[in-house]
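Only this structure's heavy atoms are used, side chains among them; waters, hydrogens and symmetry mates stay out. To find a chain, count down the sequence lines: A is the first, B the second, and so on, and within it residues start at 1.
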2 protein chains.
Amino acid sequence: MSTTAPSDDIGTRLRLVRQIYGLTQRELARRAGVTNGAISLIEQNRVSPSISSLKKILDGIPLSLADFFTHNFAASDQVFFAASELTEIAFGKTVSMRMVGGNLKERALQMLHETYQPGADTGEEMLRHQGEECGIIVAGSLIITVGAQEKTLQPGDAYYFRSDIPHRFRNPGPAPCLLISASSPPSF
Amino acid sequence: MSTTAPSDDIGTRLRLVRQIYGLTQRELARRAGVTNGAISLIEQNRVSPSISSLKKILDGIPLSLADFFTHNFAASDQVFFAASELTEIAFGKTVSMRMVGGNLKERALQMLHETYQPGADTGEEMLRHQGEECGIIVAGSLIITVGAQEKTLQPGDAYYFRSDIPHRFRNPGPAPCLLISASSPPSF
DNA sequence: TCCTGGCGTTTAGAATATTCAACATTTTTG
DNA sequence: CAAAAATGTTGAATATTCTAAACGCCAGGA
């Protein structure tokens, strides 16, 4: 039992969270039913708020006390990613993936833009890992095997399965196959 | 981003935690550098402590604010388990396991008392999953394969490996093999 | 039985947090 | 550019929490 403790600089933390949510001290104060002055003093660490005050304030965001103390609110958390910013991952010469938010920490989700060149195959020794995954074919076609089932998917088709069921992806066609996938928790 | 929020009944929560850790108000107050009266008032919800006070108090346990707000401190959390209370899990007719704390929630750890009957084998298709695992042979003997390595373990021998390395357990001997294992995170 | 020591609780007063209203500064707008 | 609106900060008054010391209660030991 030991969640990593965030800094106890409550003031900076609150200011950060408030700004991430795009609220002014006055707007948050109004929603929370406290005064803007109180929020100002707290954010400057000139007072240490009571739990009841902090709770009221966080309710105005809204955000639970648990989340407030648990999560790492990095101001640098990127929200938008240019195509060129996606981190590239290659598996052999036939499979490559472009990951959304690879630089983020504490991701609960992994989204990939995958490319399977003609002939690409994740291998006879099926993949197995924890979590769940799903995806939608964007271009080309792909043969997906999941447990005892196998199907050729065309653009627009999709899949969803528990990742602990052995699975395999193959592109038999003459054209590259593009697909967008999501999985949780991230496997890399 | 939404950790389940525990009750905001800070008083009861603090009292519960304090008692779980076997501390009196006075002892905790001494460690935390606050007065026993303050703790009494907080536990009765007659005041809402400041973050700084609550932090000082939790430091005396010690417990982080994040953990305090995150975890579910069920007073009923069982600590001791009679052999008969271990939850039984069978895989085929040759492998069975007895799990410690199967009824607990939020386990970070899984401990099993495993029995491999003569001839038992987890299968040629090696096991792979997230986390790490280790164990000690209690009786009989067992052939364990981990990646490229393979070894016959005797009572007292032990193993430790990252569970994502393909692994396999076999009991070739004429006698049942007993072992105790631990893994994290729990795989079931 | 009457102590003694430990427990949680309570109360008055000191310390701290919060409100209210005003201020200085920046941003928006005509 | 000037006026108006919005933002964060501050000081004095109020409200709340925290301390220090006492209280009542109960379990064990002479």
| query | Can you tell me how far P of D/dT7 sits from CD of A/Q44, to the nearest Å? | reply | 17 Å

Identify every side-chain donor-acceptor pair in residues 31-38 of chain B under 3.5 Å, counting partners at least two apart or on other chains, and give the distances.
unit_1 : atom_1 : unit_2 : atom_2 : d
B/R31  : NE     : B/E27  : OE2    : 3.0
B/T35  : OG1    : B/A38  : N      : 3.3

| said: Checking A/S40 now: which residues fulfil side chain to side chain donor-acceptor pair (under 3.5 Å) with it, not counting sequence neighbours? | reply: A/Q44

| field | Gap between atoms CD and P, on A/Q25 and D/dT10 respectively (whole Å) | value | 11 Å

| query | Residues two or more places apart in sequence or in another chain: which of them pass salt bridge (Lys or Arg N to Asp or Glu O under 4.0 Å) with A/E114? | reply | none

| Which residues share a salt bridge (Lys or Arg N to Asp or Glu O under 4.0 Å) with B/R26, sequence neighbours left out | none

| field | With B/H167 via ring pair (Phe, Tyr, Trp, His ring centres under 6.0 Å) - residues at least two apart | value | B/H129, B/F161

| Listed partners of A/S50 passing side chain to side chain donor-acceptor pair (under 3.5 Å), at least two apart | A/S52, A/S53

| message | Using the side chain to side chain donor-acceptor pair (under 3.5 Å) criterion, which residues pair with A/Q25? Sequence neighbours excluded. | response | A/E43

| task | Select base, sugar-phosphate, or nothing to describe what B/S40 touches, counting heavy atoms under 4.0 Å on all strands. | result | base

| remark: Contact span of DNA chain C against chain B, any nucleotide atom under 4.0 Å from a heavy atom, 5' to 3', runs C/dC7 to C/dT10

Between the protein and nucleotides 17-24 of chain D, which nitrogen or oxygen pairs come in under 3.5 angstrom?
unit_1 : atom_1 : unit_2 : atom_2 : d
D/dT17 : OP1    : B/S48  : N      : 2.8
D/dC18 : OP1    : B/S50  : N      : 3.1
D/dC18 : OP1    : B/S50  : OG     : 3.2
D/dC18 : OP1    : B/S53  : OG     : 2.4
D/dT19 : OP2    : B/T35  : N      : 3.2
D/dT19 : OP2    : B/T35  : OG1    : 3.0

| message | Which residue in the set B/L112, B/T115, B/L179 passes side chain to side chain contact (heavy atoms under 4.5 Å, CB included) when paired with B/M97? | response | B/L112

